[in-house]
Amino acid sequence: MEFRVRYAPSPTGFQHIGGVRTALFNYFAAKSNGGSFILRVEDTDRERYSTAYLDDLYQTLTWLGISWDEGPIKGGPCGPYIQSERLEIYQKYAKQLVDEGKAYYCYCSPERLEEVRKKQEESKSEYQGYDRHCRSLTEEERAEYERQGIKPVIRLKVPTEGKTTFHDIIMGDITRKNKDVSPDPVLLKSDGYPTYHLANVVDDHLMGITHIMRAQEWIPSGPLHILLYQAFGWEPPVYCHLPMVMGKDGKKLSKRHGSTSVKDFRDKGYLPETIINYVTLVGWALDGEREIFSKEDLEKCFKIENIHKAPGVFDYKKLDWFNGYYIRQKSDEELAQLIKPYLESAGFKADEEKLISLAHAAKERMKTLSDIVSLSSFLFEDVPVADKSLYVAKGSDDEKTLSALKRGSEIFISSLERGEAEEKIEEALLELSKELEIKVNGVFQPLRVAITNSQISLPLFDSVRLLGMDETKRRIKRAISFLEEK
RNA sequence: GGUUCCUUCGUCUAACGGUUAGGACGGGAGAUUCUCAGUCUCUAAAUAGGGGUUCGAUUCCCCUAGGAACUACCA
């Protein structure tokens, strides 16, 4: 049997970590099983829908390099893959259930439903949900409502007796008493749009989905979906409920935990490799040892059996570590292209050659691509350090610092102009430090602060190379006269 | 409240019922280099609690505790 899975997001928000993780698991399961990955847009919530979110969905998947075998834009044999373009299908199937006595029209107003809900809350009733008022309407009552022009919804007749069980590959059997299943949920809304439950079941069946991999938050509606499959007389697919991604406090990951949309991470300068690798590792492991996986690796070795049961906490620190790792893996040329837009948006301009040597110097110091801005700002803005004590290294003093800067810069600059090797210059500066009876850093620090306007910087030789000799000399001269001031 | 699910270092996780319970991030210590990073070495850190089953339980069963999700004409 062919292995067919789908990712079926609702464009009611930007793609977030949880959603993307579901997409990734589906995609990798499809690839490693030689199956198909289908993308389906569940845009039945017209209130929250926005094309910006739909664009974000396509952009995010494209950025990650996740392509779909069937779906919007690309097409396929089971299209259309956008639910708002399939309305007649759902309406037809909903009517079919009504005709067969498995569903019914409901004319209750939102106000009445609200009232029912309020009463249940007040009476602290065990029973929650719709009171099935319209389930037993007579033909006359129905005709009367129709005459009033009330647009009905269609609700499923959920059995009140018995229980429903479904099997989940990672969770095992999950059983729920029918009386505890959502009481007669809406299948078709009064605006003619289907609800998630109807559209989902109908499409999964029509599109030949064999495995449903979705977040564990859907477990409670599992039995309901089984009941729907039974009502239609269809064979349900295999279920696989994925553990959820949580924030530090153990609650469902949300904005208050920090960035959660992939767009945010992309903007900050996280690489797609990072997102793919780390996100897959929340709730999945190959053998517990290996942790570095490329997309291509996962397309081969991802196994559904290795998915964990328990929810996992999203660790921003570990994400940073992965990002730093993948940045270090880039060639200088690749990294130069990646940092370019960040410099540009900071108003920093650099030619290709400079970008490459900047990438080289900064590579090991970056956690995100946006770090390049603070790392390189000394090249583009000149804000001298105005606190003399910051020029003084540990174990040195004002006087020694000044002479270290004067004599050190002389050695430094003349050697550089003679084109001497870095090691030789370092040696010469080491000599000077011995003579002044301070540590090497007592010589390097004043130079560093003078040249890079900061105590923390890229390596000095790299900094000078990037800055240029003229500017370097100017800044040193300025620092010397600043330190000479009383 | 009701229903369902979950439980190994702080976090992500590994361990056909038999291991000194392993790895990674983060933490701590040290080495290296001009600072910061990076790299290398070392280190602390866990089977939620209680009962069973078994020669032997992280692993199987039960109870307790804790946590989570769901409970819409949202998905």
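In the text below, chain A, chain B and the rest are named by the order of the sequence lines, each starting its count at 1.
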Give the nucleotide from the list B/A75, B/C34, B/C73 with an atom nearest to the side chain of A/Asn441.
-> B/C34
Closest of B/C6, B/C74, B/C25 to the A/Lys318 side chain is B/C25
Between [Y] and [X], is there a cation-pi geometry (under 6.0 Å to ring centre, at most 45° from the normal)?
X        : Y        : answer
A/Arg46  : A/Tyr49  : yes
A/Arg155 : A/Tyr130 : yes
A/Arg21  : A/Phe25  : yes

By the 4.0 Å heavy-atom rule, please label [X] as base, sugar-phosphate, or nothing.
X        : result
A/Cys108 : base
A/Gln455 : base
A/Ser454 : nothing
A/Leu447 : nothing
A/Leu281 : sugar-phosphate
A/Gly283 : sugar-phosphate
A/His241 : nothing
A/Phe461 : base

So, A/Trp321 and B/C25: ring centres less than 5.5 Å apart, planes less than 30° off, yes or no?
->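 Not stacked: fails the 5.5 Å / 30° test.
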Quick one: CZ on A/Phe444 to CD1 on A/Ile438, what's the gap to the nearest 0.5 Å?
->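 These two atoms lie 11.5 Å from each other.
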So CD1 of A/Ile425 and OG of A/Ser414: to nearest 0.5 Å the spacing works out to 8.5 Å
Polar atoms only, N or O, under 3.5 Å: list the protein pairs with nucleotides 69-72 of chain B and their distances.
unit_1, atom_1, unit_2, atom_2, d
B/A69, OP1, A/Lys252, N, 3.2
B/C70, OP1, A/Glu217, OE1, 3.4
B/C70, OP1, A/Lys252, NZ, 2.8

A/Asp56/A/Lys263 salt bridge by N-O under 4.0 Å criterion | no
Basic-acidic side-chain contact under 4.0 Å: A/Glu410, A/Arg407 | no
With rounding to whole Å, what would you report as the distance between B/U4 and B/U41 at their C1' atoms?
->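 Here B/U4 and B/U41 have their C1' atoms 49 Å from each other.
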Measure distances between side-chain N and O atoms of A/Ser190 and base N and O atoms of B/C73, and say whether any donor-acceptor pair falls under 3.5 Å.
->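 Present.
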